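For ligands, and for the atoms within them, numbers begin at 1 and follow the listed sequence. On a predicted model such as this, the values are computed, not experimentally measured, just so you know.
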Amino acid sequence: MILVTGGAGFIGGNFVLDWLANPAAEGIVNIDKLTYAGNLATLKSLENDGRHVFVHGDIGDYDLALSLLKKYSIRAVLNFAAESHVDRSIHGPGDFIQTNVLGTFNLLEAVRAYWSDLSDLAKKEFRFLHVSTDEVYGSLSPTDPAFSETHPYEPNSPYSASKAASDHLVRAWHHTYDLPVITTNCSNNYGPYHFPEKLIPLVILNALAGKPLPIYGDGQQIRDWLYVKDHCSAIRRVLEAGQLGETYNVGGWNEKPNLDVVHVICGVLDQLRPKAGGIDAENKYASQITYVKDRPGHDRRYAIDATKLECELGWKPAETFETGIQKTVQWYLDNQEWTEGVLSGSYRDWVKKQYN
Ligand code: NAD
Ligand code: TYD
C-alpha cells in the first residue's frame, strides 16, 4: 500500500479519489488530522471501499506514523499534509511551523527508521514524495522568466517559509541518510473539493450567495493556475519515474492576474446560472466585485516553468484554464451538499476575521 498524508484536504482528497478510480491501484492508508481544512465528505464515495484505510492522526506523531508504515508494509509515502493558507499564516504562523516544519521532520524520522530496516530491494523501490509549492521561490517581476527548479528559495510569507523549511529537511534527509525522496513544487491548484477560503471557490460561492467578491489591492497579482486533476497525474508520473533527490516543478502554463480570474468565473456563472431579470450590467456577477485592503507582503507574481517534468517524464496538463474553470464552476453548482457542509460556524468566524 501507499501512505498518503492530508488526504482529506483539497489536493490530497482529489489524489486519493483519482488513484482509487483505477481498479488495479494499490490501496491507500490516509492519515489526516482533520483540521478545519480536512473534510471526510470528500471521501464519502470510498466509504465501502476496502482499499482505503482512513486514520485520524497527526504527521507529527512519530509512533503512529512508524506503526502504520510497518503494519501496512508501505512502499511509498506521499506527503500532502500541511497548513496551506497564506492569509491564515499571517494571522497565526504557529500552526504552520508545527505541522509544516516539525510535522514533516517527525514524519521523515519515522520513515527513515522504517526504511532503514527494509530489505535491499524494498529500500531501493521505496519513495518519499513531498508535495510543495512554487511560493518557496518568492515573487517575480512582470518580465522575469518563470521559476525553474534551480531558482533560489526566497519565501516571503510565514506559509511559504514553513514550506521552504520542510523542503530543505526533505533534501537533507536524502543527502545525509540516502532516503529516496522526490519533491514537487506546484503552482496554484483549483478544482472540485477546494475549501472556500481560497480565491476561486470563495468567488464562486460568494457570487452565488450575492455577496461581495473581494479583490486584494489592485487585483493585478499574477498566479499560474493548475487544474487539480492535472496535479494528480503529475504526482503519479513523478512517483513512477522521477529521479531520486530531484525536484520537479508542476504548472499549468496559465498565468493570470487575479482580476481576470474573477471576471472569467463571473462570465461562466452568467452563462451557467444567469441571475433573474435580464442581462443588464447590474445583473451580472461582476457587479459584485469589491476592492479590499491588500494582503501584507503580497507576492506579485508566480509562474512555473514545467519544462523539466514535461521533457524528462513526458507529463502534460490536460486542461486549459478555460476548460478547467468551466468544470470547476459546474462542480460547485452540482455539489451544494458538500459546500453547505464546509460553510460551518468556524468558516463564518474566519470570514468575519479576514474580511471585516
Ligand atoms: P488543504 O489545506 O486543503 O489540506 C491539508 C490537509 O492536511 C487537510 O485535510 C488537513 O486536515 C491535513 N492536515 C493539516 N495538518 C495536519 C497534520 N499535522 N497531520 C495530518 N494532517 C494534517 O491543502 P491542499 O490545498 O490540499 O494542499 C496540499 C499540499 O499541497 C500542501 O502541502 C500545500 O502546501 C501544497 N500546495 C497546495 C497548493 C494549492 O493551490 N492548494 C499549491 C501548491 C502546493
Ligand atoms: P489564494 O487562493 O489565497 O492562494 P495564494 O495566496 O496561495 O496564491 O489567493 C490567490 C490570489 O488571490 C492571491 O494573489 C491573493 C488573492 N485573493 C484575493 O484577491 N481575494 C481573496 O479573497 C483571496 C482569498 C485571495
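- Note: H151 and F147 have perpendicular aromatic rings, judged against thresholds of 30 and 60 degrees for the angle between ring planes.
- The nearest protein atom to atom 14 (O) of ligand 2, hydrogens excluded, is given as H298 NE2, 2.7 Å; this is a heavy-atom distance.
- Residue Y159 does not touch ligand 2, judged by heavy-atom distances below 4.0 Å.
- No option in R51, R75, R236 other than R75 meets the salt bridge (Lys or Arg N to Asp or Glu O under 4.0 Å) test with E26.
- Among all protein heavy atoms, the one lying closest to atom 19 (O) of ligand 2 is Y216 N, 2.9 Å.
- Using a 30° and 60° split on the angle between ring planes, Y153 and Y137 fall in the perpendicular class, above 60°.
- Side-chain contact, S148 with D305: no donor N or O sits under 3.5 Å from an acceptor N or O.
- Take D134 and apply the side chain to side chain donor-acceptor pair (under 3.5 Å) test, not counting sequence neighbours, and it matches no residue.
- Neither the backbone nor the side chain of I200 comes within contact range of ligand 2; no heavy atom lies under 4.0 Å.
- The aromatic rings of W338 and W331 lie perpendicular to each other, with more than 60° between the two planes, well past the 30° mark.
- Residue, atom and distance of the protein heavy atom nearest to atom 3 (O) of ligand 2 are R295 NH2, 3.1 Å.
- At a threshold of 4.0 Å, the pair R112-E109 counts as salt-bridged, since one of the basic side-chain nitrogens sits closer than that to a carboxylate oxygen.
- Near H85, meaning under 4.0 Å from one of its heavy atoms, ligand 2 places the atoms 3 (O).
- The aromatic rings of H91 and W350 sit perpendicular to each other, their planes meeting at more than 60°, with 30° as the lower class boundary.
- For ligand 2, the atoms sitting less than 4.0 Å from at least one non-hydrogen atom of I215 are 19 (O), numbered in the order shown with element in parentheses.
- Checked for salt-bridge contact, R300 and D218 meet the test: a charged N lies under 4.0 Å from a carboxylate O.
- For the atom pair OG (S166) and CG (L102), the distance works out to 11.0 Å, reported to the nearest 0.5 Å.
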Please give the N or O to N or O pairs under 3.5 Å between ligand 1 and the protein, distances rounded to 0.1 Å.
unit_1   : atom_1 : unit_2 : atom_2 : d
ligand 1 : 2 (O)  : S84    : OG     : 2.7
ligand 1 : 3 (O)  : F10    : N      : 3.0
ligand 1 : 9 (O)  : G9     : N      : 2.9
ligand 1 : 9 (O)  : D32    : OD1    : 3.2
ligand 1 : 9 (O)  : D32    : OD2    : 2.6
ligand 1 : 11 (O) : D32    : OD1    : 2.6
ligand 1 : 11 (O) : L34    : N      : 3.4
ligand 1 : 11 (O) : T35    : N      : 3.0
ligand 1 : 11 (O) : T35    : OG1    : 3.1
ligand 1 : 18 (N) : D58    : OD1    : 2.9
ligand 1 : 18 (N) : T99    : OG1    : 3.0
ligand 1 : 19 (N) : I59    : N      : 2.9
ligand 1 : 21 (N) : K33    : N      : 3.0
ligand 1 : 23 (O) : S84    : OG     : 3.2
ligand 1 : 26 (O) : F10    : N      : 3.3
ligand 1 : 26 (O) : I11    : N      : 2.7
ligand 1 : 32 (O) : F80    : O      : 3.0
ligand 1 : 32 (O) : V131   : O      : 3.4
ligand 1 : 32 (O) : K163   : NZ     : 2.6
ligand 1 : 34 (O) : Y159   : OH     : 2.7
ligand 1 : 34 (O) : K163   : NZ     : 3.1
ligand 1 : 40 (O) : N189   : N      : 2.8

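- For residues 186-213, the pairs satisfying salt bridge (Lys or Arg N to Asp or Glu O under 4.0 Å) are R88-E197, with sequence neighbours left out.
- Where the criterion is an N or O separation shorter than 3.5 Å, residue side chain and backbone included, Y355 meets it with respect to ligand 2.
- Here's the thing with R223: one of its N/O atoms is less than 3.5 angstrom from an N/O atom of ligand 2.
- Polar contact check, P214 against ligand 2: a nitrogen or oxygen pair lies under 3.5 Å apart.
- For ligand 2, the polar-atom distance check finds no N/O of E197 at less than 3.5 Å from any of the ligand's N/O atoms.
- At least one heavy atom of E135 sits closer than 4.0 Å to an atom of ligand 2.
- Looking only at heavy atoms of the protein, atom 12 (O) of ligand 2 is closest to N258 ND2, 3.3 Å.
- Taking any N or O of L199, backbone or side chain, at least one lies under 3.5 Å from an N or O belonging to ligand 2.
- Residues passing the side chain to side chain contact (heavy atoms under 4.5 Å, CB included) test with S160, sequence neighbours excluded: E135, P155, S157.
- Side-chain contact, D167 with S132: a donor N or O sits under 3.5 Å from an acceptor N or O.
- The atoms of ligand 2 that sit less than 4.0 Å from any heavy atom of L202 are 22 (O).
- Of all protein heavy atoms, the one closest to atom 4 (O) of ligand 2 is N188 ND2, 3.3 Å.
- For K256 and E322, the salt-bridge test passes: some basic side-chain N is under 4.0 Å from an acidic carboxylate O.
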